[in-house]
Each structure stands twice: as C-alpha cells, then as structure tokens.
Amino acid sequence: MKTYLITGAASGLGKAFATELIARGHHVILIDKELEKLYDLCDQLDSDQVTLYPLDLLGANIEHYKELRTTLTEYYTHLDGVILNAAIMPAFTPIAQFDYSQWYEVLHTNLNANFHIIQQTLSLLTQAPNGQLVGILDRLPKQHPAFYGAYGVAKAGLEQLCRTVAAEQTHSNLGVYLANLPAFATAARGRLFPGENPNDLPSPQALAKELLNDLLDEKAAVSQPKSALLNRL
C-alpha cells in the first residue's frame with residue numbers, strides 16, 4: 001500500500017485520482033478548501049484509508065504549511081507521492097484588462113502554494129523507496145497563450161519549479177513528473193466553454209487511470225513512462 005497526497009482533491013481530477021487510488025488499495029491524503037465536498041467524497045470512498053486535510057491554499061500562510069509538515073511527519077514515515085493538482089482558472093482576459101488582485105490570487109494558489117507544498121513534503125518524499133512528485137500541467141496555454149493570463153503564467157512556473165526540484169534531487173530516489181494534460185471535462189471548463197459538449201472530451205477518471213497506470217507501475221516509475229501524458233524529468 002502506498003500513500004499519496006493530492007491537492008485540489010474534492011472534485012474534478014483530484015477526486016478522480018483519490019477514487020482510483022482507493023480502488024487500487026492505497027492510502028490518500030486529500031487537501032482542499034471545500035470541507036463539505038471533502039466530507040462527501042470521504043463518504044463516497046467509504047474507506048479507512050482516507051485522511052482529510054482541509055486547507056485553503058489562497059489563505060494559508062507559512063505557519064499553516066509548517067503545521068501541515070508537522071502533522072504529516074507525526075503520522076507518516078514517508079510519502080510515496082504528492083500530486084500537485086489544485087488550481088483556479090479565471091475567465092479568459094487580456095493582460096491589458098486583467099484585474100491585479102485576481103492575478104495575485106491565481107499565482108498564489110496555482111504556483112506559490114505548490115512551492116510551499118513541495119518544501120514541506122520533500123523530506124517525506126525522499127524517505128520513500130521511489131517517491132513521486134507530480135505537477136499537473138495544461139498544454140493549452142502553451143499552444144494558445146492568448147487570454148490565459150495568470151493561469152498560463154502559473155502553469156509555466158509550476159513546470160520550471162518541478163524541473164528545478166528534479167535537477168536538485170538527482171542524488172535521491174525521487175522521481176519528478178510533469179503531466180501535460182489536454183482539455184478534459186470538468187465543471188470549471190464547462191463554465192468557460194458553455195457551448196462545448198463534455199462528452200467530446202476525456203473524463204477526469206480516464207486521465208487519472210492512465211496516469212496512475214504508469215505511476216504505480218514499478219518499472220515505468222523508474223524509467224520513461226509509457227503514457228504520452230506523463231514525462232519523467
């Protein structure tokens with residue numbers, strides 16, 4: 001049994017990761033600000049291998065992240081994986097009109113929070129036989145950068161952050177992965193593209209299953225993954 005920490009775990013892809021990991025007999029630590037949704041998910045999973053950790057990545061300060069580390073080290077000797085999934089995506093807006101307060105909120109949630117999560121979990125990841133750090137990226141802002149604003153900038157920053165960690169951890173057994181995902185069906189995307197048929201897009205469940213097939217495969221985990229969505233740095 002492995003232990004994975006997932007941010008943005010209460011819905012969408014995070015929920016799909018949690019559901020799939022539990023189905024495969026693993027333990028999950030679920031981080032999200034939506035406490036009610038976390039409780040609902042816990043009820044749905046109906047497993048004693050679920051730990052809920054409510055945390056608002058936007059409102060959290062360094063003391064909250066230090067408390068996370070203290071709590072994790074108290075109950076776990078290591079973490080097998082951390083999946084950096086949480087993100088907020090505002091409406092498409094040109095830079096000239098982008099609200100500065102929203103810019104800071106998106107960068108803080110989608111980038112700064114990931115720095116803190118990595119920093120506070122790195123020691124537990126490197127204690128695992130083959131720890132895995134996974135950054136969830138979005139290929140669309142790279143292909144069509146206009147109007148993605150702070151969201152696109154934060155995703156580019158997350159990629160560089162993961163590359164930096166990988167370069168600094170060559171002496172350890174930590175594997176750092178980038179998941180370059182296509183558009184997929186979520187409630188957030190539905191709000192941005194109301195005329196789009198979600199049935200024409202991959203489901204979060206399908207993507208989570210494909211990514212975990214490689215992450216949980218011991219041979220694939222220490223080499224280049226088979227999935228075209230996943231890249232080991």
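Judged by distance alone, with hydrogens and angles left aside, the side-chain atoms of T7 form a donor-acceptor pair with the main-chain N or O of N85 at under 3.5 Å. Put simply, the side chain of H26 never gets that close to the backbone of T3: no donor and acceptor are under 3.5 Å apart. T93 places a side-chain N or O within 3.5 Å of a backbone atom of A91 that can act as its donor or acceptor partner. No donor-acceptor distance shorter than 3.5 angstrom exists from the side chain of K155 to the backbone of L111, with no hydrogens or angles considered. Side chain of N110 to main chain of I88: a donor-acceptor pair is present (N/O by atom type, distance under 3.5 Å, no hydrogens or angles). A donor-acceptor pair under 3.5 Å is absent between the side-chain atoms of D40 and the main chain of D43, judged by distance alone. A distance-only check finds no donor-acceptor pair linking the side chain of N180 to the backbone of L137 [under 3.5 Å]. A donor-acceptor contact shorter than 3.5 Å links the side chain of D32 to the backbone of A9. With hydrogens and angles disregarded, no donor-acceptor distance shorter than 3.5 Å links the side chain of S47 to the backbone of V50.
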Legend entry - Working for salt bridge (Lys or Arg N to Asp or Glu O under 4.0 Å), residues E159 and K142: CA-CA 11 Å; E159 177 177 349; K142 270 193 171 183; 3.0 Å; yes

Inset, instruction - Run the numbers on L216 and Y4 for side-chain contact (heavy atoms from CB on, under 4.5 Å), then give the verdict. - result: CA-CA 11 Å; L216 296 173; Y4 276 79; 3.7 Å; yes

Legend entry - Derivation and outcome, side-chain contact (heavy atoms from CB on, under 4.5 Å), residues Q49 and V28: CA-CA 6 Å; Q49 300 302 323; V28 292; over 6 Å; no

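L52 approaches C42 most closely through the heavy-atom pair CD1-CB, 4.0 Å. When all heavy atoms of G152 and P141 are compared, the pair lying nearest together is CA-CB, 3.8 Å. Residue K37 comes nearest to A10 through the heavy atom pair CB-CB, 3.7 Å, listed as atom of the first residue, atom of the second, then distance. Of all heavy-atom pairs spanning L35 and P54, the tightest one is CD1-CG, 3.4 Å. Closest approach of P202 and A183 over heavy atoms only: CD-O, 3.3 Å. Residues R232 and Y177 share a closest heavy-atom pair of NH1-OH, 3.2 Å.
L57 is not connected to W103 by any chain of hydrophobic side-chain contacts under 4.5 Å among Ile, Leu, Val, Met, Phe, Trp and Tyr, and they are in different clusters. With hydrophobic clusters built from ILVMFWY side chains whose heavy atoms lie under 4.5 angstrom apart, L41 shares a cluster with L207. When the side chains of ILVMFWY residues are joined at heavy-atom separations under 4.5 Å, either directly or via intervening members, L55 and L158 end up in a single hydrophobic cluster. Cluster annotation: L124 and I6 are assigned to distinct hydrophobic clusters (Ile/Leu/Val/Met/Phe/Trp/Tyr, side-chain heavy-atom contacts under 4.5 Å, transitive). L5 and L215 fall into different hydrophobic clusters, where Ile, Leu, Val, Met, Phe, Trp and Tyr side chains are chained together by heavy-atom contacts under 4.5 Å.
Of the inter-residue distances, the one linking L30 atom CG with L38 atom CG reads 6.5 Å to the nearest 0.5 angstrom. Of the inter-residue distances, the one linking L178 atom CG with I136 atom CD1 reads 9.5 Å to the nearest 0.5 angstrom. Atom CG of L72 and atom CD of E67 lie 10.5 Å apart (nearest 0.5 Å). To the nearest 0.5 Å, the span separating CD1 on I83 from CD on Q132 amounts to 8.5 Å. Separation of atoms CG (D80) and CG (N130) is listed at 9.0 Å; rounding is to 0.5 Å. To the nearest 0.5 angstrom, N213 atom CG is 11.0 Å from L230 atom CG.
Counting heavy atoms from C-beta on, the side chains of V82 and V134 never come closer than 4.5 Å. Residues L45 and T19 form a side-chain contact, since some pair of their non-hydrogen atoms from C-beta on lies under 4.5 Å apart. Taking 4.5 Å as the limit, some side-chain heavy atom of P182 sits within range of a side-chain heavy atom of R139. Between P129 and N173 there is no side-chain heavy-atom pair separated by less than 4.5 Å. When side chains are defined from C-beta on, L181 counts as touching L229, because their heavy atoms get closer than 4.5 Å. Contact annotation: the side chain of I31 approaches that of L68 to within less than 4.5 Å [non-hydrogen atoms, C-beta and beyond]. V153 is not listed as a side-chain neighbour of V106, based on a closest heavy-atom distance of 4.5 Å or more. For the pair F98/P90, a side-chain contact is recorded, criterion being any heavy-atom separation below 4.5 Å from C-beta on.
In the model, Q169 has a side-chain atom that pairs as donor or acceptor with a side-chain atom of S172 under 3.5 Å. For the residue pair Q205 / K15, no side-chain donor-acceptor distance below 3.5 Å is found, with atom types taken as modelled. Residues Y76 and T51 have side chains that bring a donor and an acceptor to within less than 3.5 angstrom of each other. With 3.5 Å as the limit, one finds no donor-acceptor pair spanning the side chains of D138 and Y148. Judged purely by distance below 3.5 Å, without hydrogens or angles, the side chains of Q127 and H78 never pair a donor atom with an acceptor atom.
At a threshold of 4.0 Å, the pair E20-R24 counts as salt-bridged, since one of the basic side-chain nitrogens sits closer than that to a carboxylate oxygen.
When the shell of 6.0 Å around OH of Y104 is examined, it contains 12 or fewer heavy atoms from other residues, nucleotides or ligands. Atom CD of Q143 sits in a crowded spot, with more than 12 heavy atoms from other residues, nucleotides or ligands closer than 6.0 Å.
Using the six-membered ring where Trp is involved, Y65 and H116 have ring planes that are parallel, under 30° apart on the 30 and 60° scheme.
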